[in-house]
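Naming: A, B, ... by sequence-line order, numbering from 1 per chain. As a basis for the values below, the full set of heavy atoms in this structure was taken, side chains included, without hydrogen atoms, waters or symmetry mates.
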Number of protein chains: 2
Amino acid sequence: MVQLDFSKSKDGLIPAIAQDYETGDVLMLAYINEESWKLTLETGKATYWTRSRQKLWVKGESSGNVQLVKEILVDCDMDTVVFRVEQVGDAACHKGYRSCFFRKVEGDQLVVQGERVFDPKDVYGK
Amino acid sequence: MVQLDFSKSKDGLIPAIAQDYETGDVLMLAYINEESWKLTLETGKATYWTRSRQKLWVKGESSGNVQLVKEILVDCDMDTVVFRVEQVGDAACHKGYRSCFFRKVEGDQLVVQGERVFDPKDVYGK
């Protein structure tokens with residue numbers, strides 16, 4: 001198994017960028033620890049560590065929108081990875097957008113530019 | 001100024017992903033604090049906070065390879081940004097590669113797939 005450097009942050013987490021394998025769009029950023037790294041490699045499904053819920057998180061376990069990992073890139077410092085993924089269900093964001101980065105900065109405003117793929121109420125309840 | 005949520009991590013830093021504006025390649029990931037966010041917006045040059053040197057860091061101040069920010073995306077939680085940039089000098093990585101993510105995982109190995117744009121010795125000295 002490729003060893004990453006989890007020692008850079010106090011919590012032993014490093015960022016993982018999920019990027020659409022075909023379009024190159026950045027879909028989301030989440031964090032991984034050593035166990036989620038191992039599981040991602042073993043299962044081929046992007047598996048993170050959620051800081052808010054403090055547990056392993058197979059992306060899409062609630063919504064069905066799993067991320068099938070096609071390729072993994074590692075940076076020069078071994079402390080950040082890019083998961084190049086096929087995003088099942090076409091939406092990575094829990095707010096129903098294809099990408100979590102669905103807004104861009106325009107002056108002092110944030111302007112929505114992404115299209116909503118689903119209504120979160122239909123998937124997660126109210 | 002668009003307000004980000006710097007409270008998620010103990011050190012007040014959030015990740016900023018630099019992405020090539022034209023190709024969509026992820027070039028690097030670094031961290032920003034509130035001051036570097038403000039400076040990036042004001043100057044149009046990607047400005048980070050270096051954790052190792054503990055100071056503001058205008059990317060490219062040594063190498064000349066600055067990042068001209070063409071667009072900024074903000075995620076759903078307001079705690080990660082994407083700087084869509086024009087990478088001056090065509091290399092973001094201090095190791096001389098176009099992207100810091102110049103290696104991919106193949107089984108238990110890392111395989112170099114990026115091309116070297118410059119030799120670091122020529123830029124930073126030995």
Side-chain angles (χ1 to χ4, degrees), chain A residues 1-4 8-11 13-20 22-31 37 40-41 51-52 69-84 92-97 99-114 120, chain B residues 1-4 8-11 13-20 22-31 37 40-41 51-52 69-84 92-97 99-114 120:
Chain A
M1 189 171 91
V2 169
Q3 296 299 318
L4 303 175
K8 290 279 180 74
S9 69
K10 283 170 195 159
D11 50 15
L13 301 176
I14 66 173
I17 301 161
Q19 183 183 32
D20 187 291
E22 287 186 342
T23 65
D25 290 345
V26 177
L27 299 174
M28 57 180 275
L29 179 141
Y31 293 86
W37 172 236
T40 299
L41 292 172
R51 295 184 303 177
S52 53
V69 179
K70 301 291 191 176
E71 191 172 70
I72 300 176
L73 308 179
V74 179
D75 83 332
C76 47
D77 292 329
M78 306 293 288
D79 61 6
T80 308
V81 296
V82 174
F83 292 160
R84 289 175 54 82
C93 183
H94 71 290
K95 296 203 170 174
Y97 292 89
S99 163
C100 291
F101 299 92
F102 60 90
R103 295 171 301 181
K104 70 173 172 180
V105 175
E106 282 195 5
D108 293 342
Q109 308 277 321
L110 283 178
V111 177
V112 172
Q113 60 172 5
Chain B
M1 188 171 91
V2 169
Q3 295 299 320
L4 303 176
K8 290 280 180 73
S9 68
K10 284 169 194 160
D11 49 15
L13 301 176
I14 66 173
I17 300 161
Q19 183 183 31
D20 187 291
E22 287 187 340
T23 64
D25 290 345
V26 177
L27 298 175
M28 56 180 274
L29 180 142
Y31 293 86
W37 172 236
T40 299
L41 293 171
R51 296 184 302 177
S52 53
V69 178
K70 300 291 191 176
E71 191 172 69
I72 300 176
L73 309 179
V74 178
D75 82 332
C76 46
D77 293 328
M78 305 294 287
D79 62 5
T80 307
V81 297
V82 174
F83 292 160
R84 290 175 55 81
C93 183
H94 71 292
K95 296 203 169 174
Y97 291 90
S99 164
C100 292
F101 298 92
F102 60 89
R103 295 171 301 180
K104 71 173 172 180
V105 174
E106 282 195 6
D108 293 341
Q109 307 278 321
L110 283 178
V111 177
V112 172
Q113 61 173 5

Exercise. Just how far is it from atom NZ of K8(B) to atom OG of S52(A), taken to the nearest 0.5 Å?
Worked result: 7.5 Å
For this session: Using modelled atom types only, decide if a donor and an acceptor are shared between the side chain of Q19(A) and the backbone of G24(B) within a distance under 3.5 Å.
Result: yes
For this session: Could you please spell out the steps behind the salt bridge (charged side-chain N to carboxylate O under 4.0 Å, His left out) verdict for D79(A) and R51(B)?
Result: CA-CA 13 Å; D79(A) 61 6; R51(B) 296 184 302 177; 3.7 Å; yes
Exercise. So do R84(B) and V26(A) actually touch side chain to side chain, heavy atoms under 4.5 Å?
Worked result: no
For this session: Report the option among D25(A), D77(A), T23(A), L73(A) that has the most heavy-atom pairs separated by less than 4.5 Å from atoms of chain B.
Result: L73(A)
Exercise. How far apart are the C-alpha atoms of V105(A) and V81(B), what are their side-chain angles, what is the distance that settles it, and do they pass the side chain to side chain contact (heavy atoms under 4.5 Å, CB included) test?
Worked result: CA-CA 10 Å; V105(A) 175; V81(B) 297; over 6 Å; no
Exercise. Okay, side chain of D108(B), backbone of M1(A): is any donor-acceptor separation there less than 3.5 Å?
Worked result: yes
Seminar exercise, completed: Closest non-hydrogen atoms of C76(B) and H94(A), given as atom of the first, atom of the second and distance, are SG-CE1, 3.8 Å
Exercise. Quick one: CD1 on I72(B) to NZ on K104(A), what's the gap to the nearest 0.5 Å?
Worked result: 11.5 Å
Problem set entry | Distance, nearest 0.5 Å, that separates NZ of K95(B) from CG of D75(A) | 9.0 Å
Exercise. Using non-hydrogen atoms only, which part of I17(A) is less than 4.5 Å away from chain B: side chain, backbone, both, or neither?
Worked result: side chain
Exercise. Where on V111(A) is there a heavy atom nearer than 4.5 Å to chain B: the side chain, the backbone, both, or neither?
Worked result: neither
Problem set entry | Over 12 non-hydrogen atoms of neighbours within 6.0 angstrom of CD in E22(A) | no
Seminar exercise, completed: By ring pair (Phe, Tyr, Trp, His ring centres under 6.0 Å), Y31(B) pairs with (sequence neighbours left out) none
Exercise. Of the backbone (N, CA, C, O) and the side chain (C-beta and beyond), which part of Q109(A) lies under 4.5 Å from a heavy atom of chain B, both, or neither?
Worked result: backbone
Exercise. Which heavy atom in P15(A) sits nearest to a heavy atom in L29(B), and how many Å separate them?
Worked result: CG-CD2, 3.9 Å
